[in-house]
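Everything on this sheet refers to the single structure shown next.
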There are 2 protein chains.
Amino acid sequence: MTKSPRRAGRPSTQVLTEERILKAAFALSAQRTARQFTMTALAESLGVRTSALYHHFANRDAVIRAMRGQVSRALVSPVLHEMPVEDALLTWAHSYRDAAIAAPEAMVMLATSPIDADEGSFADYEQIARLLVADSWPTDTIVDAIVALESFIIGSALDALAPADNMAPGALAAQFPTFAEAEAARARLSTDPARRTFEIGVRALIHGLTAWARESTT
Amino acid sequence: MTKSPRRAGRPSTQVLTEERILKAAFALSAQRTARQFTMTALAESLGVRTSALYHHFANRDAVIRAMRGQVSRALVSPVLHEMPVEDALLTWAHSYRDAAIAAPEAMVMLATSPIDADEGSFADYEQIARLLVADSWPTDTIVDAIVALESFIIGSALDALAPADNMAPGALAAQFPTFAEAEAARARLSTDPARRTFEIGVRALIHGLTAWARESTT
DNA sequence: ACCTGAACACCGTTCAAGT
DNA sequence: ACCTGAACACCGTTCAAGT
């Protein structure tokens, strides 16, 4: 198709590195849907033939796994201990969601496949757990709180992947008037309704969880 | 490849119906990952050529959209109006989660495929919306509440998919002692921790959302 | 109308060939 | 070692041809 600017054979200066590929992968995943995130498109964005990628990653899944590793590494936030617990949880949830949204396909994998035990996720969990222990949450409430929050965050990230108007009934509005009106009201409030819902939901959830933990203490 | 048992031309008795295709689609989604859920595999499971599917559905997304509609349709529960709103939301969340757990890979596809309006989903939303309006929730809070709940439910269903011990740090316990202890305490409480977390989380979220809606009224 | 079969554009992946 | 280019098996989708 496009005649390549490089001829066959090892180039004198290396074109690709894992780092450069990952950077392009994040950029691409922000622009394309999970399904359009292809090795071909990734290679093209790097000005390289598709097969060149296979010298640096075993396959497409390996690229996604590397993205996922980078995401979890970015989460650890050292300032969490200097704020009230509810704010700390909120901060954590936000950074988690931002990371999740930056890597949609990685997110689907994270949700679909079980976490490998040697993942950096536990470092993250440990930090939150200490925070809650210090705030005198009962030991047996802590993992429930973490998992509940994580479930909401992942669900929200998936929701954010859908087209922004995916809740609009469109032609069916007449058939479902109450919902249609509510949807219109919500659309008027924000250009990024998924984000708005995330903010509301995560606050509601954190609120509800802290209240529950406090009850559990007595 | 496999020589077809049917020769070309319209068969005397119709082979496919939307219903039969959808049934096969759910069966397939229980066995394959979202990526392996192909039109080819679906056709094969129906003993039919791939192109035959296109007489009944416009494309792959249309199949997924119909699946989503069917899931939503299974949700409508006519008794919702006879109970307090928080109980009604809880009931709805439970039936949604049950449906989601019955077809987890379908949930991933439903959540991530860019699909638009299907009647079934909106019928469900309409019912919840009316419920909340009757309970005098402000119009612009309703869709946020629905989406937040849905996000949590889908995230929880995906979490329930993972092995029950997927939060156990295992050999890494010594490295993350606080979290390890909390995880052990949780594991002692329940044989189905994912379900336990769902119960806790959905109650916390509903609680938090109703409180938020009440504030928004004033 | 509803199926098959051929066809097209596109993927992921492999591998020989070139430097 | 690290790139290109050709090749293979596989997808989604379209469409003519057959009944």
Under 3.5 Å side-chain donor-acceptor pair for B:Arg186 and B:Thr197: yes
Residue B:Arg10, side-chain atoms from C-beta onward, closest of C:dA1, C:dG5, C:dT19: C:dA1
B:Arg6 side-chain N/O to C:dT4 phosphate OP1/OP2 under 4.0 Å: yes
B:Tyr54 OH to D:dC11 P, straight-line distance once rounded to whole Å: 12 Å
Touch class at under 4.0 angstrom, heavy-atom based, for B:Thr40 against every strand present: sugar-phosphate
Partner residues of B:Tyr96 under the ring pair (Phe, Tyr, Trp, His ring centres under 6.0 Å) criterion, sequence neighbours left out: B:Trp92
Test item: side-chain donor near acceptor, B:Thr139 and A:Glu181, under 3.5 Å: no
Side-chain N,O (B:His56) to OP1/OP2 (C:dC3) below 4.0 Å: yes
Atom-pair distance (CE on A:Met39; P on C:dC11), nearest Å: 12 Å
Partners passing salt bridge (charged side-chain N to carboxylate O under 4.0 Å, His left out) against B:Asp98 (at least two apart in sequence or in another chain): none
B:Met167 vs B:Phe179 side-chain heavy atoms within contact, under 4.5 Å: yes
Contact residues, residues 17-31 of chain B to DNA chain D [heavy atom, < 4.0 Å]: none
Polar side-chain atom of B:Gln36 near backbone of B:Thr33 as donor-acceptor pair, under 3.5 Å: yes
Spacing of B:Phe57 atom CZ relative to D:dT14 atom P, expressed in whole Å: 15 Å
Whole-Å distance separating the CG atom of A:Asn59 from the C1' atom of C:dC15: 16 Å
A:Arg49 vs D:dG5: side-chain N/O to OP1/OP2 distance below 4.0 Å: yes
Residue closer to the 5' end of DNA chain D, B:Pro11 versus B:Ala41 (nearest nucleotide): B:Ala41
Euclidean distance, atom CZ of residue B:Arg60 to atom P of D:dC10 [Å, nearest integer]: 18 Å
Value in whole Å for how far the P atom of C:dC11 lies from CG of A:Asp61: 17 Å
B:Arg7 vs C:dT4: side-chain N/O to OP1/OP2 distance below 4.0 Å: no
Whole-Å gap separating P (C:dT19) and NE2 (A:His55): 15 Å
Sequence-distant partners of A:Arg130, salt bridge (charged side-chain N to carboxylate O under 4.0 Å, His left out), two or more places apart: A:Glu126
From C:dC3, D:dT13, D:dC3, nucleotide with atom closest to A:Gln14 side chain: D:dC3
Check: B:Thr38 side chain, D:dG12 base, donor-acceptor under 3.5 Å: no
Donor-acceptor contact below 3.5 Å, side chain A:Arg20 vs main chain A:Val15: yes
Touch class at under 4.0 angstrom, heavy-atom based, for B:Ser12 against every strand present: nothing
Over 12 non-hydrogen atoms of neighbours within 6.0 angstrom of CD in A:Glu19: no
Paired and unpaired positions of DNA chain C as dot-bracket, Watson-Crick or G-U wobble under 3.5 Å, | denoting a partner strand: ||.|||||...|||||.||
Spacing of B:Glu44 atom CD relative to D:dC10 atom C1', expressed in whole Å: 12 Å
Pairs flagged by salt bridge (Lys or Arg N to Asp or Glu O under 4.0 Å) wherever residues 191-201 of chain B is involved - sequence neighbours left out: A:Asp144-B:Arg196, B:Arg195-B:Glu199, B:Glu199-B:Arg203
